[in-house]
Participant: 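My questions will all concern the structure given below.
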Amino acid sequence: MSDATDQQPQTKSMDDIMSLCKRRGFIYQASEIYGGVNGFWDYGPLGAQLKKNLRDAWWQDIVMNPCQGKLGPKGGPVSIVPVDTCIIQNPKVWEASGHVGGFNDPMVDDKETKQRFRADHLFGLYVIDGSEFTVGGAVPDSVEWNQLALENPAYAGKIISTVIAGSVAEAIGHITQDPKQVVLDCELNLRVKKATLWSGPNTDYPETSALLFSLSNNQQQAVLVLPIKIGQVAIDDFYPPDEVPSPFSGRRNTLTLPRDFNLMFKTYLGATATEDDIAYLRPETAQGIFINFKNVVDTTRVSVPFGIAQTGKAFRNEVTPRNFTFRSREFEQMEIEFFCHPEEANDWYAFWRDWRMQWWQEIGLAGENLILREHDKDELAHYAKEGAGTSDIEYRFPFTAPGFGELEGIAHRSNYDLSAHQNHPESNTKLEYLDTTRGELAKNGQPKGERYLPDVIEPSAGLDRGVLAILCEAYTPDPERPSKVYMKFHPRVAPIKAAVFPLVNKDGMPEKAAELHRLLVKRFGHLGKIETDPKQSIGKRYARMDEAGCPFCFTIDGDTLTDGTVTVRDRDTAEQKRIPFDDVVEFVATGLGLG
RNA sequence: GCGGGUGUAGCUCAGUGGUAGAGCGUCACGUUGCCAACGUGAAUGUCGUCGGUUCAAAUCCGAUCACCCGCUCCA
């Protein structure tokens with residue numbers, strides 16, 4: 001989530017939206033009659049159709065008619081093929097992808113300050129020995145070797161302070177910008193006054209980079225210069241617990257041992273359920289694409305650049321499921337892995353970023369609540385390539401306002417995943433692509449071909465988050481109308497496409513309504529529900545359709561039987577006009593954008 | 001995981017120890033010519049769950065579950 005750049009308030013109430021979702025059958029709490037289960041939600045009849053319509057729209061515009069015919073950066077058509085891969089895969093897939101090692105993030109709590117952080121984000125400052133430090137480079141004359149390390153051997157090699165950062169480089173950056181956050185020994189109150197990165201012999205290996213600290217010791221008023229090595233705190237260093245000082249207070253004995261938060265869902269293959277049978281529910285659909293890259297290349301007539309697309313469920317044991325369906329433990333993704341030559345990757349990245357933004361706008365998130373945000377450099381994931389970056393398409397949900405929450409991430413993954421699978425000792429499969437359009441020309445004038453691992457641009461969207469954003473965007477309070485609210489769905493995703501009502505349930509009107517209903521179902525039934533309802537007052541039926549977000553209601557009345565016209569009532573304006581009965585099908589087709 | 005809040009009919013909520021309630025919605029019948037109309041009637045609850053105190057618990061106490069808000073987290 002990111003901060004708002006403009007402060008337009010989001011006035012819709014999430015409680016009201018959730019209430020309508022329950023009342024009208026969009027979303028129910030999962031396992032509700034048993035008290036629910038944290039982080040899981042079920043879709044009711046309208047919600048299931050809405051979700052299907054959004055998934056179908058994506059499939060249509062990605063797989064069936066990629067980018068609605070928009071040409072790629074080099075002017076050629078965009079090529080995409082689909083796959084549908086398993087939720088359970090060989091556990092080695094998740095070793096290679098880094099999820100088994102990296103996704104199960106051990107967490108540490110500071111019992112005193114109640115702060116929590118990832119254990120692998122904790123970086124320790126170690127006092128090092130001068131002889132080690134001088135290898136390959138001269139130490140400036142001004143350096144007075146620190147008595148702390150040399151006179152107190154107990155400190156040498158130990159962690160004397162900690163900071164939280166994503167990498168050594170980031171930790172050094174934090175410290176040099178704000179040296180005061182470093183407390184070298186809380187009992188002696190040795191605060192750092194100035195910190196500079198010493199251009200030591202090993203700057204190519206940041207984990208052995210050293211910092212020069214100027215200390216301000218209140219008692220002695222002396223300035224010491226202290227060489228410090230910075231490196232990730234190993235899990236073993238947390239035991240005994242007094243080894244590692246808190247990054248917040250500098251005090252020891254306040255941190256818990258790293259605890260496994262187990263973000264992967266574990267299960268067992270087969271009935272014996274031993275440790276050897278452990279498997280995982282996928283935390284992302286992407287790996288199913290990568291491990292089938294060679295299959296797709298070998299068995300279909302695709303050529304780079306091309307994409308593989310897939311929708312499907314994924315599972316993450318989120319630490320804190322929160323915000324309705326926004327962060328669920330079971331969720332559905334819509335992912336593209338687009339493979340291209342490394343030289344073209346930046347162009348494709350920009351192409352997908354811009355087109356995906358346009359797509360969400362076209363589907364109904366057109367307003368200021370949708371933004372495209374480039375990640376800052378220090379946010380980039382481990383696979384994100386330097387210089388190419390990652391973008392989020394973000395929506396201002398009522399619960400994130402004035403900030404935004406991610407709907408889709410467009411990431412430049414370089415060849416991280418293909419390379420990981422190719423290099424895993426047990427895959428032993430060459431995943432390099434032979435591009436016969438590249439390479440030197442042979443004598444016959446044909447290119448000799450070039451072998452390479454394609455770079456990957458990954459537009460990865462959350463289907464459930466998309467549904468939630470559409471629900472929030474569509475929710476429109478209107479005190480003027482009986483329902484007090486209506487759902488302003490884009491007709492393309494609206495779960496109910498049209499409704500047919502006899503004004504009263506007699507005098508031939510229900511028969512005529514049934515006829516029109518049959519016509520509309522025949523023509524549009526594959527796109528969504530066509531509602532009909534002969535009972536209750538017409539106003540009540542309109543109001544119900546407002547809450548369901550049905551864009552068009554057609555009412556059969558006495559005049560229909562004599563002059564062959566019906567009333568069409570527009571959801572957004574509540575205005576009514578008469579059109580010929582025979583024009584209704586075309587009217588709906590136009591309204592749904594089918595021209 | 002921490003702190004705060006909430007949990008009673010489909011929805012919104014009242015109910016401070018003594019028979020489980022209201023409005024709206026839903027359903028049925030009648031009426032009804034265009035925005036939750038009108039009349040009559042009906043159904044709907046283990047008061048989130050479990051335990052304790054009490055002659056008696058929706059109400060007091062404890063635990064637990066779920067949701068909301070703020071932290072934290074979200075390769």
Side-chain angles (χ1 to χ4, degrees), chain A residues 1 13-16 18-25 28-41 44 94 97-105 107-118 120-121 164 166-167 256 259 261 263-264 283-284 316-324 326-329 379-384 390 398-399 405-406 409 411 413 416 462 478 480-486 501-507 509 535-547 553-561 566-571 574-578:
Chain A
M1 292 174 202
S13 152
M14 206 58 216
D15 283 346
D16 292 344
M18 291 172 69
S19 170
L20 182 139
C21 283
K22 171 74 184 290
R23 188 168 70 246
R24 285 300 163 200
Y28 310 126
Q29 189 180 9
S31 309
E32 189 180 13
I33 64 170
Y34 288 100
V37 51
N38 194 356
F40 295 86
W41 300 88
W94 308 111
S97 69
H99 286 89
V100 170
F103 206 62
N104 293 327
D105 298 327
M107 307 290 291
V108 174
D109 289 323
D110 183 344
K111 288 177 282 192
E112 198 174 63
T113 63
K114 305 295 183 192
Q115 308 242 41
R116 168 180 292 171
F117 54 90
R118 279 174 48 181
D120 63 336
H121 280 184
I164 291 180
S167 65
T256 65
R259 288 178 292 190
F261 272 71
L263 299 186
M264 294 267 277
E284 63 174 20
R316 296 182 189 179
N317 243 330
E318 297 287 355
V319 177
T320 311
R322 195 59 76 85
N323 290 331
F324 203 24
F326 183 79
R327 179 168 296 130
S328 305
R329 288 178 165 149
E379 285 185 83
L380 292 180
H382 61 279
Y383 49 73
T390 298
F399 50 79
E406 179 181 352
R413 292 181 78 119
Y416 179 90
D478 181 359
E480 298 301 311
R481 63 177 75 198
S483 58
K484 308 296 184 211
V485 63
Y486 65 106
F501 299 135
L503 182 62
V504 290
N505 196 16
K506 62 177 186 181
D507 300 337
M509 294 178 210
K535 297 187 176 180
Q536 298 182 313
S537 75
I538 192 67
K540 192 173 284 193
R541 285 175 280 174
Y542 285 159
R544 203 177 286 136
M545 287 302 100
D546 275 348
E547 285 198 335
C553 293
F554 300 96
T555 300
I556 307 295
D557 57 23
D559 294 344
T560 308
L561 306 173
V566 301
T567 301
V568 52
R569 185 249 189 200
D570 183 85
R571 174 196 65 199
E575 285 172 358
Q576 302 184 90
K577 61 179 179 181
R578 298 198 72 86

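Chain A is the first sequence line, chain B the second, and so forth, proteins listed ahead of strands; every chain is numbered from 1.
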Participant: Between atom CG in A:D16 and atom C1' in B:C67, what is the gap in whole Å?
Facilitator: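 For the pair A:D16 CG and B:C67 C1', the rounded distance is 15 Å.
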Participant: I'd like the P distance from B:G52 over to B:G70, given in whole Å.
Facilitator: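 Looking at atom P only, B:G70 and B:G52 are 38 Å apart.
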Participant: Counting heavy atoms from C-beta on, name the nucleotide in B:U32, B:A36, B:C11 closest to the side chain of A:K506.
Facilitator: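 Out of B:U32, B:A36, B:C11, the nucleotide with an atom closest to A:K506's side chain is B:U32.
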Participant: Between C1' on B:A37 and CZ on A:R541, what's the gap in Å once rounded to a whole number?
Facilitator: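 Roughly 12 Å, once rounded to whole Å.
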Participant: If every non-hydrogen atom of A:S483 is compared with every non-hydrogen atom of A:A543, which pair is closest and at what distance?
Facilitator: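 Smallest interatomic distance, heavy atoms only, reads CB-O, 3.8 Å.
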Participant: Taking any heavy-atom pair under 4.0 Å as a contact, classify A:K577: base, sugar-phosphate, or nothing.
Facilitator: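 No contact.
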Participant: What nucleotide among B:G10, B:C35, B:A36 has an atom nearest to a side-chain atom of A:R24?
Facilitator: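 Looking only at side-chain atoms, A:R24 lies closest to B:A36.
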Participant: Please classify the nucleic acid contact of A:E480 as base, sugar-phosphate, or nothing, using heavy-atom distances under 4.0 Å.
Facilitator: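 No contact.
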Participant: On RNA chain B, does the nearest nucleotide to A:E32 precede the nearest nucleotide to A:Y542 from the 5' side, or the other way round? Give the residue.
Facilitator: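 In this pair, the answer is A:E32.
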Participant: With respect to the phosphate group of B:C65, does any side-chain polar atom (N or O) of A:N38 fall under 4.0 Å of OP1 or OP2?
Facilitator: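 Checking B:C65 against A:N38, no side-chain N or O comes under 4.0 Å of OP1 or OP2.
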Participant: Between A:K484 and B:A36, does any side-chain N or O lie under 4.0 Å from OP1 or OP2?
Facilitator: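 Looking at the OP1 and OP2 atoms of B:A36, neither is under 4.0 Å from any side-chain N or O of A:K484.
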Participant: Just call it for A:R23: base, sugar-phosphate, or nothing, with non-hydrogen atoms closer than 4.0 Å on any strand.
Facilitator: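 Since only primed, P, OP1 and OP2 atoms lie under 4.0 Å of A:R23, the category is sugar-phosphate.
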Participant: For nucleotides B:A9 and B:C2, find the distance between their P atoms and express it as a whole number of Å.
Facilitator: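 These two P atoms come out 29 Å apart once rounded.
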Participant: Using a 4.0 Å heavy-atom cut-off across all strands, classify A:K22 as base, sugar-phosphate, or nothing.
Facilitator: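 Counting heavy atoms under 4.0 Å across all strands, the contact made by A:K22 is with sugar-phosphate only.
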Participant: Starting at CZ of A:R322 and ending at C1' of B:G1, how long is that distance when rounded to a whole Å?
Facilitator: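 Taking atom C1' of B:G1 as the reference, CZ of A:R322 is at 11 Å.
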Participant: How would you label the contact of A:F501 with the nucleic acid (heavy atoms, under 4.0 Å): base, sugar-phosphate, or nothing?
Facilitator: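 Nothing: the residue A:F501, judged by heavy atoms under 4.0 Å, touches no strand.
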Participant: Watson-Crick or G-U wobble partner for B:G7, using a 3.5 Å limit on both distances?
Facilitator: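 Pairing partner: B:C65.
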Participant: Within the 4.0 Å heavy-atom criterion, would you say A:D546 contacts the bases, only the backbone, or no part of the nucleic acid?
Facilitator: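 Result for A:D546 = nothing.
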Participant: Starting from C1' on B:C69, measure out to CZ on A:F324 and report it in whole angstrom.
Facilitator: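 The answer, rounded to whole Å, is 16 Å.
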Participant: Can you tell me the base-pairing partner of B:U44? Count Watson-Crick or G-U wobble geometry only, both distances below 3.5 Å, and say none if there is no partner.
Facilitator: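 Pairing partner, where one exists within any strand: none, as none qualifies.
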Participant: Does A:R544 reach a base, just sugar-phosphate, or nothing at all? Heavy atoms under 4.0 Å.
Facilitator: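 Counting heavy atoms under 4.0 Å across all strands, the contact made by A:R544 is with sugar-phosphate only.
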Participant: Any idea which of B:C68, B:A36, B:A75 is nearest the A:H99 side chain?
Facilitator: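 When the side chain of A:H99 is considered, B:A75 is the closest of B:C68, B:A36, B:A75.
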Participant: May I ask which nucleotide in the shown strands pairs with B:C38, Watson-Crick or G-U wobble, both distances under 3.5 Å?
Facilitator: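 B:C38 is paired with B:G30.
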Participant: NA contact type, A:Q29, heavy-atom cut-off 4.0 Å: base, sugar-phosphate, or nothing?
Facilitator: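 Sugar-phosphate, backbone atoms only, no base.
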Participant: Which heavy atom of A:W94 sits nearest a heavy atom of A:E284, and at what distance?
Facilitator: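 A:W94 and A:E284 have their closest heavy atoms at CH2-O, 3.7 Å.
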Participant: Under the side chain to side chain contact (heavy atoms under 4.5 Å, CB included) test, which residues partner A:S328, sequence neighbours left out?
Facilitator: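 In terms of side chain to side chain contact (heavy atoms under 4.5 Å, CB included), with neighbours along the sequence ignored, A:S328 is linked to A:W41, A:T325.
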Participant: May I ask you to say what A:I538 touches in the nucleic acid, namely base, sugar-phosphate or nothing, with a heavy-atom cut-off under 4.0 Å?
Facilitator: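 Sugar-phosphate, backbone atoms only, no base.
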Participant: Which part of the nucleic acid, if any, lies within reach of A:R571 when heavy atoms closer than 4.0 Å are counted: base, sugar-phosphate only, or nothing?
Facilitator: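 Touches nothing.
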Participant: What does B:U59 pair with, Watson-Crick or G-U, if both distances are under 3.5 Å?
Facilitator: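 Partner of B:U59: none found under 3.5 Å.
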Participant: Classify A:G25 by what it touches in the nucleic acid, base, sugar-phosphate, or nothing, heavy-atom distance under 4.0 Å.
Facilitator: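 No contact at all - A:G25 keeps every heavy atom at 4.0 Å or more from the nucleic acid.
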Participant: Using the C1' atom in both, what is the distance from B:U8 to B:A57, to the nearest Å?
Facilitator: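 About 14 Å, rounded to a whole number of Å.
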Participant: Starting the side chain at C-beta, find the nucleotide from B:C71, B:A36, B:U32 nearest to A:E547.
Facilitator: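 So the nucleotide nearest the side chain must be B:A36.
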Participant: When both hydrogen-bonding distances must be under 3.5 Å and the geometry is Watson-Crick or G-U wobble, what is B:G70 paired with, if anything?
Facilitator: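 Its partner is B:C2.
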Participant: Going by heavy atoms in the side chains, are A:D559 and A:R578 under 4.5 Å from each other?
Facilitator: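 Of all side-chain heavy-atom pairs linking A:R578 with A:D559, at least one is under 4.5 Å.
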Participant: Which nucleotide in the set B:C73, B:C35, B:C67 lies at the smallest distance from any side-chain heavy atom of A:R327?
Facilitator: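 My answer, after comparing the listed nucleotides, is B:C73.
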Participant: May I ask you to say what A:S19 touches in the nucleic acid, namely base, sugar-phosphate or nothing, with a heavy-atom cut-off under 4.0 Å?
Facilitator: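 If one applies the 4.0 Å heavy-atom cut-off, A:S19 turns out to touch the sugar-phosphate alone, with no base involved.
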Participant: Would you kindly give the CZ-to-P distance between A:F399 and B:C67, to the nearest whole Å?
Facilitator: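 After rounding, the reported distance stands at 14 Å.
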Participant: Would you please indicate yes or no on a ring centroid separation below 6.0 angstrom for A:F324 and A:F399?
Facilitator: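 Ring centres of A:F324 and A:F399 not closer than 6.0 Å.
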Participant: Nearest-Å distance, CZ (A:R481) to C1' (B:A37)?
Facilitator: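 Rounding to the nearest Å, CZ of A:R481 and C1' of B:A37 are 18 Å apart.
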Participant: List the atom of A:R481, the atom of A:D546, and the distance in Å for their closest heavy-atom pair.
Facilitator: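 The pair with the smallest heavy-atom distance is NH1-OD2, 2.9 Å.
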Participant: Tell me which nucleotide, if any, is Watson-Crick or G-U wobble paired with B:A20 when both distances must be under 3.5 Å.
Facilitator: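 Looking at the geometry, B:A20 pairs with no nucleotide.
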Participant: Between P on B:A66 and CE on A:M18, what's the gap in Å once rounded to a whole number?
Facilitator: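 The distance from CE of A:M18 to P of B:A66 comes to 14 Å, rounded to the nearest Å.
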Participant: Return yes if the base of B:C35 and the side-chain atoms of A:R569 contain a donor-acceptor N/O pair under 3.5 Å, otherwise no.
Facilitator: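 Side chain to base: pair present.
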Participant: On the nucleotide B:C69, are OP1 or OP2 found under 4.0 Å from the side-chain N or O atoms that A:N323 carries?
Facilitator: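 Looking at the OP1 and OP2 atoms of B:C69, one of them is under 4.0 Å from a side-chain N or O of A:N323.
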Participant: Quickly work out the A:Q536 CD to B:U31 P distance and round it to whole Å.
Facilitator: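 One finds 16 Å between P of B:U31 and CD of A:Q536, rounded.
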Participant: Taking the side chain as every heavy atom from C-beta outward, state whether A:E32 and A:K22 have any pair of such atoms under 4.5 Å apart.
Facilitator: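 In short, these two side chains touch, coming nearer than 4.5 Å.
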Participant: Any idea which heavy atoms bring A:I556 and A:M509 closest together, and the distance?
Facilitator: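 A:I556 and A:M509 have their closest heavy atoms at O-SD, 3.7 Å.
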Participant: Looking only at the side chain of A:V504 (C-beta and beyond, no hydrogens), which of the listed nucleotides B:C35, B:C69, B:U32 gets closest?
Facilitator: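 That would be B:U32.
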Participant: Ignoring backbone atoms, test whether A:K535 places a side-chain nitrogen or oxygen under 4.0 Å from the OP1 or OP2 oxygen of B:U26.
Facilitator: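 So the side chain of A:K535 is outside the cut-off, no N or O lying under 4.0 Å from OP1 or OP2 of B:U26.
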